[in-house]
Amino acid sequence: MRFLDPMVRLIFVAVILATLLPVTGEARVVAQDISNGAVFLLFLLYGLRLSRGEVLAGLGNHRLLVPLVIWVFGAMGLAGWALWQVGGGFLPPLLAIGFLYMGVLPSTVQSATAYSSLAGGNVATSVVAAALINILGVFVSAPLYSLLAGSQGVAFHGEQLVKVMTMLLLPFAIGQILQSFTRKWVLGHKSLITVMDRGSIGIAVYVAFSGAVAQGIWTKVDAFGWLWVLVGCALAMVFGYGGAWLLGGLLRLSKGDRIAMLFAGGQKSVAMGAPLATVLFPAASAGIIILPLVVYHFVQMIVAAPIATRLRRFEVPA
C-alpha cells in the first residue's frame, strides 16, 4: 500500500479495524467521547495552521472564488441530491442519502493544493480557495444538507447548531486567536501536527464505521448495491472534475487558476465529512451515511495524480 496517499491508507486501516473490531455497547459511549475530543482537536489545528494573512490576500480573487463556492455547494450539492433520488429506489435509505451528504461537503485542503502544484496550477490561490471552501463548509454543509434532504434529513435547529458551534467553530476560532502566539511552534512541528491531524480523522472514521458495522452494513448492502456506490461515485467525479474544468474555461481563467478550480471543485473532503457526520447524525447512522464519501475519497486520490501529470503538459489557449 506504499503507493497510496497516506490519508487513503489511514482510512483503509480505520475501515478494516472497524470491521474486525468494532466498538460496541458501553465502550461505544467512551469511544464517541474520544471521537468528539479528536474532532475538537482537528478544528483547533485547522485554526492554528490557516494563516489569516493568506486568507485576506486571497479574498480579492472574486473571479475564481465566487463561482467556485457556487460550484462546490450548489452544483455538486444538486448532483448529490440527484444520485440520492436515483439510488433511493434500491439502496438502503441511509446509504442512498449518503450521496447527498457527500455532495454538500467542501473539497479537500492538502491534496487539492498538492495536486494543483503538481499540475502547474496557482498554488497560492489553491491554498486560499480550498481553505475558504472548508471554512464555509462549517457554516453551509449542515444546513444545506438539511434543506435538500427535507423530512428525511436531520433537523438543523437548536441542539445541532450548538454542537456545530461547539465542536467545529469554537475550536477553529480559538486556533485563530492563539495563532499569533503559536504560529512559530506549529511551523516548527509540522510532522507532529500532521500525525495529530490524521489521527483525529482516523478516529472519527473508525468510530463512525463501527456504527455501520454494528448495523450490519456488510449484509444490508448486496453486490448490486456496492456496484451502484462505485458507479454513483464515478458519475459524481466525472461531473465534479469535468464541470469545474469546463466552468473555468467558460470564465476564461488563467491556466493556474483553472487548475486550482478543478481540484478544489471536484474533490470532496473526508477530513470534514467524517467528523461532521459524528456531530450531525446518530452513532448508528453516521458510518453508513459516509460510505459513499469514503469510496469517493479513495477513487479521487487514485485518479488525481495522472490528471495532474497530464495537465502539467496541457497548454490553455490564450
Side-chain angles (χ1 to χ4, degrees), residues 1-18 31 34-55 57-58 106-119 121-135 137-138 167-168 170-209 260 263-264 267-276 278 293-294 297-298 300-302 304-305 308:
M1 297 196 335
R2 292 183 179 179
F3 65 93
L4 293 177
D5 179 87
M7 183 62 70
V8 175
R9 295 201 298 266
L10 176 67
I11 296 171
F12 182 81
V13 170
V15 169
I16 295 299
L17 185 61
I34 294 174
S35 178
N36 290 342
V39 171
F40 190 97
L41 174 62
L42 178 66
F43 282 84
L44 175 64
L45 294 174
Y46 284 161
L48 289 173
R49 287 186 306 184
L50 183 59
S51 168
R52 291 192 294 272
E54 289 178 334
V55 173
S107 55
T108 59
V109 177
Q110 294 94 335
S111 63
T113 303
Y115 286 118
S116 290
S117 176
L118 179 62
N122 188 329
V123 177
T125 298
S126 182
V127 170
V128 172
L132 290 179
I133 286 292
N134 275 263
I135 294 172
V138 176
M167 299 285 295
L168 309 183
L170 177 61
F172 183 83
I174 292 174
Q176 286 284 286
I177 293 171
L178 295 178
Q179 189 178 95
S180 300
F181 309 99
T182 61
R183 181 77 175 165
K184 186 178 294 185
W185 184 88
V186 170
L187 292 176
H189 295 80
K190 287 185 177 180
S191 297
L192 175 62
I193 295 297
T194 299
V195 170
M196 295 168 67
D197 188 1
R198 291 175 178 167
S200 299
I201 297 167
I203 291 171
V205 172
Y206 169 70
V207 173
F209 208 79
F263 288 105
Q267 294 195 351
K268 288 296 177 182
S269 175
V270 75
M272 173 72 76
L276 182 60
T278 64
L293 172 65
V294 170
H297 189 90
F298 274 121
Q300 77 182 8
M301 291 301 167
I302 293 171

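- Scanning both residues, Phe263 and Ser107, for their nearest heavy atoms gives O-CB, 4.4 Å.
- For the residue pair Ala260 and Ser116, the shortest heavy atom distance occurs at CA-OG, 3.8 Å.
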Steps toward side-chain contact (heavy atoms from CB on, under 4.5 Å) verdict (Phe40, Ile174): CA-CA 11 Å; Phe40 190 97; Ile174 292 174; 4.3 Å; yes

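- Side-chain N or O atoms of Gln300 include one that pairs as donor or acceptor with a backbone N or O of Lys268 at under 3.5 Å.
- Here Ile34 contributes atom CD1 and Tyr206 contributes atom OH; the two are 10.0 Å apart, rounded to the nearest 0.5 Å.
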